[in-house]
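Have a look at the structure below before the remarks.
As the structure is a computational prediction, the values presented were derived from the model and not from experiment. Here is how names work: the chains are called A, B, and so on, in the same order as the sequence lines, proteins then strands, and each is numbered from 1.
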Amino acid sequence: MPTGPKQNRLLTALRIKRLRRSDLPPDTLALARYLIGKTLVRELPHGRLAGRIVETEAYPVGDAAGHAFGGKTPSRHSLFLPHGHAYVYFTYGSSFMMNVSSEEPGVGAGVLIRALEPLEGVKFMERSRRTRRLLDLTRGPGRLAQAFRIDKRLDGLPLWSSEKIWLGNAVRSAGPVGESVRIGINREVDRLYRFYERGNLFVSGPKKMRE
DNA sequence: TATGCGATATTCT
DNA sequence: GAATATCGCATAG
């Protein structure tokens, strides 16, 4: 029986199946809810990173808090791609964040991936994040982008077929899903467009926002 | 655990 | 010049 690193990896690797484009609901709110429990996979030369999506926010058509509000600009182009494409942007001088475009071609809307539960590649994430605290690796949109090496080079990629980053099925089905107002915005503040797995420690924000 | 604040770069006014 | 879909550190309780 052969042993060694490769064998260990095979023993521990999760079986993650790609979501097909037809699996993704072509509607922003439906997609935001659907993605809870699903998997985000990042392929890197060193190996594979995977995380379970535990928190999302919807930025639907006509939402004044959404980046698509006010029309298409070069930097926001990817939000107007057909649903299932990555929209990556940089903000606050320090953080990248990733959305999934969520409507038909030419219509701007997206779902922000806000938090993951690490599944594979924790050691690599620790190096990327420069911390060994498991709870700090992927809790929050900026942190998960850093852990997964997500930057502008991934902007516009199709998340059902890309070799670099893609969406996978749930390795563990989602528990009860909570709804709340969104975090860090100043407009449309009363909309219940944030979705999260209740009680999951990897959900961002203050404690009461994961109950 | 909660709250406050400064840092930082890109985009838009 | 202002605003920003945040983070990390400091401080208080």
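As rounded to whole Å, 17 Å separates atom P of C:dA3 from atom CD1 of A:I185. Atoms CG (A:L201) and C1' (B:dT1) sit 14 Å apart, rounded to a whole Å. Distance, A:H67 NE2 to C:dT6 C1': 12 Å, rounded to whole Å. Rounded to whole Å, the distance from OH on A:Y87 to C1' on B:dT10 is 11 Å. Between A:F90 atom CZ and C:dA5 atom C1' the separation is 14 Å, expressed in whole Å. Distance, A:L135 CG to C:dG8 P: 13 Å, rounded to whole Å. Nucleotide C:dA5 holds its C1' atom 11 Å from the CZ atom of A:R76, rounded to whole Å. As rounded to whole Å, 13 Å separates atom C1' of C:dT6 from atom CG of A:N186.
Base engagement by A:T91 is indicated by at least one non-hydrogen atom pair under 4.0 Å involving a base atom.
For a distance-only test at 3.5 Å, the side chain of A:Y92 fails to qualify as a donor-acceptor partner of the base of B:dA9.
Under the 3.5 Å distance criterion, with hydrogens and angles disregarded, no donor-acceptor pair is assigned to the side chains of A:D136 and A:T131. Side-chain N/O atoms of A:R52 and A:T39 include no donor and acceptor closer than 3.5 Å. Side chains of A:Y87 and A:H67: a donor-acceptor N/O pair is present below 3.5 angstrom, by distance only.
Salt bridge present: A:E188 and A:R191 bring a charged side-chain N and a carboxylate O closer than 4.0 Å. Looking at A:E117 and A:R172, a side-chain N of the basic residue comes within less than 4.0 Å of a carboxylate O on the acidic one, giving a salt bridge. At a threshold of 4.0 Å, the pair A:R182-A:D190 does not count as salt-bridged, since none of the basic side-chain nitrogens sits closer than that to a carboxylate oxygen.
Partner A:L167 forms a side-chain contact (heavy atoms from CB on, under 4.5 Å) with one of A:D23, A:V41, A:I16, A:L35 and no other, that one being A:L35.
For C:dC7, neither phosphate oxygen OP1 nor OP2 lies less than 4.0 angstrom from any side-chain nitrogen or oxygen of A:R129. Side-chain N/O atoms of A:T73 include one lying less than 4.0 angstrom from OP1 or OP2 on B:dC12.
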Practice task
Run the numbers on A:R48 and A:E120 for salt bridge (Lys or Arg N to Asp or Glu O under 4.0 Å), then give the verdict.
Solution key: CA-CA 7 Å; A:R48 188 170 86 172; A:E120 274 185 47; 2.9 Å; yes
Problem - Steps toward salt bridge (Lys or Arg N to Asp or Glu O under 4.0 Å) verdict (A:E55, A:R194) - result: CA-CA 7 Å; A:E55 182 185 358; A:R194 173 175 174 269; 2.8 Å; yes
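Taking the ring centre of A:W160 as origin, the terminal cationic atom of A:R21 falls inside the region bounded by 6.0 Å and 45° from the ring axis. A cation-pi geometry, defined here as NZ or CZ lying under 6.0 Å from the six-membered ring centre and within 45° of its normal, does not hold between A:R42 and A:F124.
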Handout entry: Dot-bracket pairing map - DNA chain B, Watson-Crick plus G-U, both contacts under 3.5 Å, | cross-strand
Key = |||||||.||||.
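Listed in residue order, the members of residues 138-147 of chain A having a heavy atom less than 4.0 Å from DNA chain C are A:G140, A:P141, A:G142, A:R143. Of the residues in residues 93-113 of chain A, those placing a heavy atom less than 4.0 Å from an atom of DNA chain C are A:S94, A:S95, A:M97, A:N99, A:L112, in numerical order.
When each of A:G184 and A:D136 is assigned the nucleotide of DNA chain C bearing its nearest heavy atom, the one mapping closer to the 5' terminus is A:G184.
For the pair A:V88 and A:S78, the minimum side-chain heavy-atom distance is 4.5 Å or more.
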